[in-house]
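Here's the structure we're looking at; comments come further down.
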Amino acid sequence: MLPQGKGVSAGGGWQRDQVTVPPSPSNCQENGGDDISAAEMQSRCHPAPCVSPRLARSPRCAPAGSRPPVPPHRGHPKSGGRGWRGGWLGEGGSMALTPGPAAGGDWRVLGDVVPRGGSSRTARASARPRERQERAAGAWSRCLTPQALEALLLRALGPVIPGPTSHGTQRKGSDKEAILDLITSRSNKQRVEICQAYKSLYGKDLIADLKYELTGKFERLIVSLMRPPAYSDAKEIKDAIGGLGTDEKCLIEILASRTNQEIHDLVAAYKDAYERDLEADIVGDTSGHFKKMLVVLLQGAREEDDVVSEDLVEQDAKDLLEAGELKWGTDEAQFIYILGRRSKQHLRMVFNEYLKISGKPIERSIKGELSGDFEKLMLAVVKCIRSTAEYFAERLYKAMKGLGTRDNTLIRIMVSRSEIDMLDIREVFRTKYEKSLHNMIKEDTSGEYKKALLKLCGGDDDAAGEFFPEAAQVAYQMWEHSALAKVKLQGTVQPAASFNDDGDAQVLRKAMKGLGTDEGAIIDVVTKRSNAQRQQIIKAYKAHYGRDLMADLKSELSGSLAKLILGLMLTPAQYDAKQLRKAVEGAGTDESVLIEIMATRNNQEIAAINEAYQQAYHKRLEDDLSSDTSGHFKRILVSLALGNRDEGPENLTQAHEDAKKLADVSSNDSSDSLETRFLSILCTRSYPQLRRVFQEFIKMTNHDVEHAIKKRMSGDVRDAFVAIVRSVKNKPAFFADKLYKSMKGAGTDERTLTRIMISRSEIDLLNIRAEFVDLFDKSLHHMIEVRAPGHPSQARHHLQPGPRALGRGSRTRGGGAEPALPPAEGHLRRLPHGSAGPVRR
């Protein structure tokens, strides 16, 4: 019961158990007794909790357990009048109101005292005056709890009249929007109280009535919200293991992410709801190491001590390494014991120590050593240890990306996390996927289902174009790490140890001589030699046979394989010059190629490209770029084509001034436009300097520079600046994203795939492959094998060799190879969420 004038929060809502509840139709309602719409009912709301239904019990009530008679006033079926929107209150249940102290046992009907068994005509006559109804409102609100008032309103949303149905009633329909407004604005504890009050008032089960009224995904969402968290999890697991097949992803998500107490509550709720033992059911439906790890998690026995022993951390990291990477086969029991029992704080330190001693993150070792559902479960455990919010952000993104929506996953996460860490999930989602969770739900769902999900989401993080301070903090840390990390770039193609240019020339000639072509021999030679060695082979071939090797290869090969092999035979500068020429010649312009090459090459590479372009086409690259583009985009390309980027160290004072220029949106001077300011800084400052500039930008604006570019610019100018920013932040990740986009969807962009594989094979393709696995949870080797089969695929595989070429400990799913990288690179994408970083303004 809410006392009058007390418990009001600063925002005008009611404060219940430290949860602010905004005023709603269930807490504040005036009703004159006639049928009115839900919208009109809501429009009559007042901040004070007041409701005036037709029948209220006086503070001077009859003894407990007695039931009030139902006088035939206008709401009674016998009276022939129109009833209150909730129907007549005598239907289907009793009035569970607190008995008063009076011995006389009087009933109050809309403000008048009627002796038990008294005249209902008196009640009808006295019920009409408006002022008497209003006087009764105060007494009614003092008799009922707020949850009971909400239950009355909820009952009013689906009017009932007597009729021949299985429930003994006939429905006129329900106001779905009012239902979702009420249920999504209450905490789970309050919803449970509403269910209890509903049953007390009407003798009916609210969840059963909601199932009767609602349908489809909206029904599943609303019903899930009405259950206590432990019972909701129990229902999800029962559905996951019931019937044919098992939903392993559901089991993994719930058991890997819940705390010890939540696991204990889940086991008890499952036993109470289904009279079965959860562990026995899971053991009967799963097998192998996957089953063993699930059983360990079901014990809810993870250590919770915050005191961490450094000696035990080092020992656990060593044990994990010896159980996997250093062992022929894998000791799965060691992984299960350590990952299933140690505290979260301890495991975070173990993961850091593991990276130091092995040179690779624990996730990459798990992908190489384990497989199937067991691998997925262990990865989920690791992700939840690092950041539960990031794990659920990733699950939500995967549930909505691509064709179709995984609604069960979406509902389960939105319901289970709405009162725990939804704000954290939203922050991580926006930072990681560059769009708000609110917008993605809005684009991927519809109807009342969409409205309910958006209410659980709680708000649109893109509405004001600003990051949360916590999300800006994460972005700041990413730039800090990018500035400090010393990443060793590694290509996949190395100079052949026992190189013989004459012997290779003879092999190539033999492969092309006579009928047919031995494409395998050509691929084997060309892809296993460095570019410098290939140039020597070209000279040796001409010296021995008086023939042009490039011309012979062109006549013998065709299609994508010819483009790949001929591209490898060119020098890097010649190949880039040729790609730029193709991008500008002809009717149209391929701006994406211009951006990719010009935004990612250093000064020395730009100078070599200019020279190769002039030599091959007798024209200046700058002139062709100027004639084929326009506006700010042309100015960006011309600036980059000069190759005059500063190569000095960072200057913090200058970084602050540069960030101030980028953040200034008030300038109206056309000579100092936003694009001009970005051009003058992004195209000329050194990479170390730009990293500091972007950090200062976050401090000033509370959002990342890439987000600002996307909000304030468009077209090719936006794409060029974003490419520069991503290249500065993490160039291998930029190319990994390009490769993934070239192969996803209906077809494969062979030109982009071939161009990146050739141009990066001796620079950082090994790093790109590692980023590819981290970003997309699959190996580049496997995706090429699936999306681009045939001889070109075979040649591309040689450019990024598999496990046999790289040795033990480099396996990953799909047969691809993802070998160890230097520790700094492995850390780049694994930042602890919410750790320190001074970004607040």
Side-chain angles (χ1 to χ4, degrees), residues 490-579 612 616 739 750-751 753-766 768-769 780-781 784-785 788-807 810 815-817 819:
Q490 300 179 38
T492 54
V493 175
Q494 305 294 332
S498 55
F499 173 63
N500 183 337
D501 54 355
D502 289 338
D504 286 345
Q506 291 174 20
V507 171
L508 291 175
R509 180 59 185 160
K510 183 179 179 181
M512 294 184 284
K513 189 177 180 180
L515 294 175
T517 303
D518 187 350
E519 295 174 335
I522 295 173
I523 291 171
D524 195 53
V525 170
V526 174
T527 58
K528 293 183 179 179
R529 305 295 184 268
S530 67
N531 190 269
Q533 291 173 336
R534 294 184 206 119
Q535 304 313 309
Q536 295 181 45
I537 294 172
I538 292 175
K539 294 176 182 178
Y541 191 90
K542 195 162 198 174
H544 273 280
Y545 305 109
R547 300 172 67 91
D548 183 5
L549 177 56
M550 296 291 286
D552 283 359
L553 288 170
K554 192 172 184 179
S555 65
E556 293 292 332
L557 304 175
S558 62
S560 298
L561 179 61
K563 294 176 182 177
L564 180 61
I565 295 298
L566 292 171
L568 287 167
M569 297 306 295
L570 296 171
T571 67
Q574 289 172 341
Y575 183 74
D576 280 347
K578 185 174 182 180
Q579 296 303 305
L739 284 171
E750 295 277 356
R751 288 187 61 188
L753 177 59
T754 300
R755 184 175 61 252
I756 296 175
M757 296 296 291
I758 291 174
S759 63
R760 312 311 296 183
S761 60
E762 295 185 47
I763 301 174
D764 56 2
L765 188 52
L766 202 61
I768 292 170
R769 282 174 26 188
L780 176 59
H781 185 281
I784 289 174
E785 195 172 49
H791 283 300
S793 175
Q794 182 183 350
R796 294 186 188 109
H797 288 329
H798 279 287
L799 292 179
Q800 43 116 30
R804 293 183 181 178
L806 290 165
S810 60

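All values below come from the heavy atoms of this structure, side chains included, with hydrogens, waters and symmetry mates left out.
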Result block: side-chain N/O donor-acceptor pairs under 3.5 angstrom for residues 545-553, not counting sequence neighbours:
| residue | atom | partner | partner atom | Å |
| --- | --- | --- | --- | --- |
| R547 | NE | D552 | OD2 | 2.8 |
| R547 | NH2 | D552 | OD1 | 3.1 |
| D548 | OD1 | M550 | N | 3.2 |
| D552 | OD2 | Y541 | OH | 2.7 |

Going by side chain to side chain donor-acceptor pair (under 3.5 Å), name the residues that satisfy it together with T517, two or more places apart in sequence or in a different chain. E556
With sequence neighbours left out, write down each residue that passes side chain to side chain donor-acceptor pair (under 3.5 Å) with S555, or none if nothing qualifies. none
Tell me which pairs pass ring-ring contact (aromatic ring centres under 6.0 Å, His included) where either residue lies in residues 506-530, with sequence neighbours left out. none
Taken in chain and number order and not counting sequence neighbours, the residues that satisfy side chain to side chain donor-acceptor pair (under 3.5 Å) with R755 are E596, T752
With a 4.5 Å cut-off on side-chain heavy atoms, are L561 and I523 touching? yes
Any residue meeting side chain to side chain contact (heavy atoms under 4.5 Å, CB included) with Q494, in chain and number order, not counting sequence neighbours: none
Q535: partners by side chain to side chain donor-acceptor pair (under 3.5 Å), with sequence neighbours left out: N531
Which distance, rounded to the nearest 0.5 Å, do you find between the OG1 of T492 and the CD1 of I768? 9.0 Å
Straight-line distance of D518 CG to M512 CE, nearest 0.5 Å: 10.5 Å
From M757 atom CE to L739 atom CG, the distance as rounded to the nearest 0.5 Å: 7.0 Å
Results of side chain to side chain contact (heavy atoms under 4.5 Å, CB included) for D502 - residues two or more places apart only: N500, A540, H544
Is there a side-chain contact between V525 and I537, using heavy atoms and a 4.5 Å cut-off? yes
The reported gap from OG1 in T527 to CG in L564 (rounded to nearest 0.5 angstrom) is 8.5 Å
Of all heavy-atom pairs linking I522 and A511, the shortest is CG1-CB, 3.9 Å
Listed partners of Q536 passing side chain to side chain contact (heavy atoms under 4.5 Å, CB included), at least two apart: F499, D501
Nearest-0.5 Å distance that lies between atom NE2 in H781 and atom CD in E785: 5.5 Å
Per-pair distances, 0.1 Å, donor-acceptor, side chain in residues 568-575, under 3.5 Å, sequence neighbours excluded:
| residue | atom | partner | partner atom | Å |
| --- | --- | --- | --- | --- |
| T571 | OG1 | Q574 | N | 3.1 |
| T571 | OG1 | Q574 | OE1 | 3.3 |
| Q574 | OE1 | T571 | N | 3.0 |

Donor-acceptor contact present, side-chain R534 to main-chain V526, <3.5 Å: yes
Distance in Å, R751 CZ paired with S560 OG, rounded so as to fall on 0.5 Å steps: 11.5 Å
